[in-house]
Amino acid sequence: MRLPAVTRPGENERIAVSREGRSSITSRKTRILSVSDTRSDDRPSDLPRLLAALYDRLPDDHVVAWENVVRQAAGPDDPLLARFIAAQAAVGLAGQLRAVADAWRIEAPDLAGAGLALALAALRAMPRPRPIQPVVSGPLSASIPARLTSGVVREVIRSANTSVLIASFAAHGAEDIVAEIAYAADRGVRVDLLLEESTQASAAFAALPSGVTIWHRASSEGVLHAKLIAADKHTAFLGSANLTDRALISNIELGVVLRDPATVGPLVDHFRWLIAPENGVMRLA
């Protein structure tokens with residue numbers, strides 16, 4: 001319900017002039033009714049916007065997981081939904097999912113969970129370029145809806161179906177990332193690591209299976225300073241963070257996630273060109 005505007009003393013009545021030039025007095029009560037009669041559902045619905053924002057944020061496998069939970073839910077207050085939301089560890093994700101549930105409750109309480117799941121499936125069926133998403137390490141502020149580097153790196157690697165390409169100047173610790181890479185290799189995903197030799201970065205990946213390929217620069221001119229993690233040709237993380245515990249968690253670092261194949265594809269092609277033996281830029285470690 002929209003509240004009427006506050007009037008000054010003496011403005012409780014207004015004069016309406018008719019076409020015939022006659023005046024009539026319209027009471028304040030009538031004027032208030034005319035304001036409050038405006039339908040609240042004239043306002044744009046939040047639910048479609050929130051669903052689109054969720055789709056923009058999450059990789060497809062996470063969207064599918066949310067679809068499956070919503071499809072089983074009897075409504076926005078189903079305990080199954082509440083448990084799923086509470087289990088989300090990614091920064092801000094639980095709040096984003098809770099906002100969807102709140103909008104569902106307010107705007108479409110009779111909508112079955114299957115209907116909401118269908119809306120998400122429709123978004124996935126009509127791919128569109130997703131906005132660039134900021135990623136940070138270190139202290140978080142409310143200024144931007146950023147995500148933490150460590151979680152995003154794991155998520156990007158996990159989203160790969162055929163290949164993972166990683167470039168890093170330094171690497172140390174990062175056991176969660178190493179485990180995620182190993183899991184990708186076990187799934188049959190091709191993994192190429194482009195690492196700077198002078199920082200002994202390859203030592204962090206010594207436990208990885210033999211199917212993982214490590215590359216160093218072939219010449220001593222300059223260093224490999226790029227930081228890239230690409231899944232297939234659909235998703236890439238670019239940023240300032242090396243694959244070290246401090247860079248992934250406590251340093252002040254900044255990066256972005258790209259989910260547009262038209263942008264990611266050429267990036268991956270460039271790094272594939274760098275490691276092609278005939279080009280003489282990189283060599284096997």
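Predicted model, so just to flag it, every value in this text is computed and none were measured.
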Within this structure, what is the [atom1]-[atom2] distance for the pair [X] and [Y], rounded to the nearest 0.5 Å?
{"X": "S137", "Y": "D245", "atom1": "OG", "atom2": "CG", "result": "11.0 Å"}
{"X": "N161", "Y": "R190", "atom1": "CG", "atom2": "CZ", "result": "15.5 Å"}
{"X": "L54", "Y": "L97", "atom1": "CG", "atom2": "CG", "result": "5.5 Å"}
{"X": "L228", "Y": "L267", "atom1": "CG", "atom2": "CG", "result": "6.5 Å"}
{"X": "L51", "Y": "W66", "atom1": "CG", "atom2": "CH2", "result": "8.5 Å"}
{"X": "R187", "Y": "R158", "atom1": "CZ", "atom2": "CZ", "result": "9.0 Å"}

Does the side chain of [Y] come within less than 4.5 Å of [X]'s, by heavy atoms?
{"X": "S240", "Y": "E253", "value": "yes"}
{"X": "L238", "Y": "K227", "value": "no"}
{"X": "V189", "Y": "T162", "value": "no"}
{"X": "W215", "Y": "L284", "value": "yes"}
{"X": "D192", "Y": "R272", "value": "yes"}
{"X": "N68", "Y": "V64", "value": "yes"}
{"X": "L140", "Y": "L148", "value": "yes"}
{"X": "L193", "Y": "L208", "value": "yes"}

Ignoring hydrogens, what is the shortest heavy-atom contact between [X] and [Y]? Give both atom names and the distance.
{"X": "P76", "Y": "A101", "value": "CB-O, 3.5 Å"}
{"X": "A241", "Y": "T149", "value": "CB-CG2, 4.2 Å"}
{"X": "G173", "Y": "V178", "value": "O-CG2, 4.0 Å"}
{"X": "P139", "Y": "I252", "value": "CD-CG1, 3.9 Å"}

So, the side chain of [X] versus the backbone of [Y]: is there a donor-acceptor pair under 3.5 Å, distance only?
{"X": "N279", "Y": "V281", "value": "no"}
{"X": "E107", "Y": "D46", "value": "yes"}
{"X": "D232", "Y": "H234", "value": "no"}
{"X": "D78", "Y": "A73", "value": "no"}
{"X": "S250", "Y": "G138", "value": "no"}
{"X": "W104", "Y": "L116", "value": "no"}
{"X": "S168", "Y": "A171", "value": "no"}

Could you walk me through whether I85 and V100 pass side-chain contact (heavy atoms from CB on, under 4.5 Å), step by step? CA-CA 10 Å; I85 291 172; V100 171; over 6 Å; no
Applying the 4.5 Å side-chain criterion to the ILVMFWY set and letting contacts propagate, would [X] and [Y] be lumped into a single cluster?
{"X": "L195", "Y": "I166", "value": "yes"}
{"X": "L258", "Y": "V135", "value": "no"}
{"X": "L224", "Y": "I181", "value": "no"}
{"X": "V212", "Y": "V164", "value": "yes"}
{"X": "V264", "Y": "I275", "value": "yes"}

According to ring pair (Phe, Tyr, Trp, His ring centres under 6.0 Å), who are the partners of F169, at least two apart in sequence or on a separate chain? H225
Lys/Arg N to Asp/Glu carboxylate O, [X] vs [Y], below 4.0 Å:
{"X": "R259", "Y": "E155", "answer": "yes"}
{"X": "D102", "Y": "R105", "answer": "yes"}
{"X": "R124", "Y": "E67", "answer": "yes"}
{"X": "E197", "Y": "R217", "answer": "no"}

With a cut-off of 6.0 Å (strictly less than), are more than 12 heavy atoms of other residues, nucleotides or ligands near CD of E221?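 Atom CD in E221 is not packed in, count stays at 12 or less.
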For I132, is the CD1 atom crowded, meaning more than 12 foreign heavy atoms sit under 6.0 Å from it?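 Check fails, neighbour count at 12 or below.
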When you look at H216 and S202, which way does the side-chain contact (heavy atoms from CB on, under 4.5 Å) test go after all the steps? CA-CA 9 Å; H216 290 154; S202 59; 4.2 Å; yes
Could you check F84 against V70 for side-chain contact (heavy atoms from CB on, under 4.5 Å), going step by step and ending with a plain yes or no? CA-CA 10 Å; F84 180 83; V70 169; over 6 Å; no
Please say which of T199, L243, T244 ends up in a side-chain contact (heavy atoms from CB on, under 4.5 Å) with H172. T244
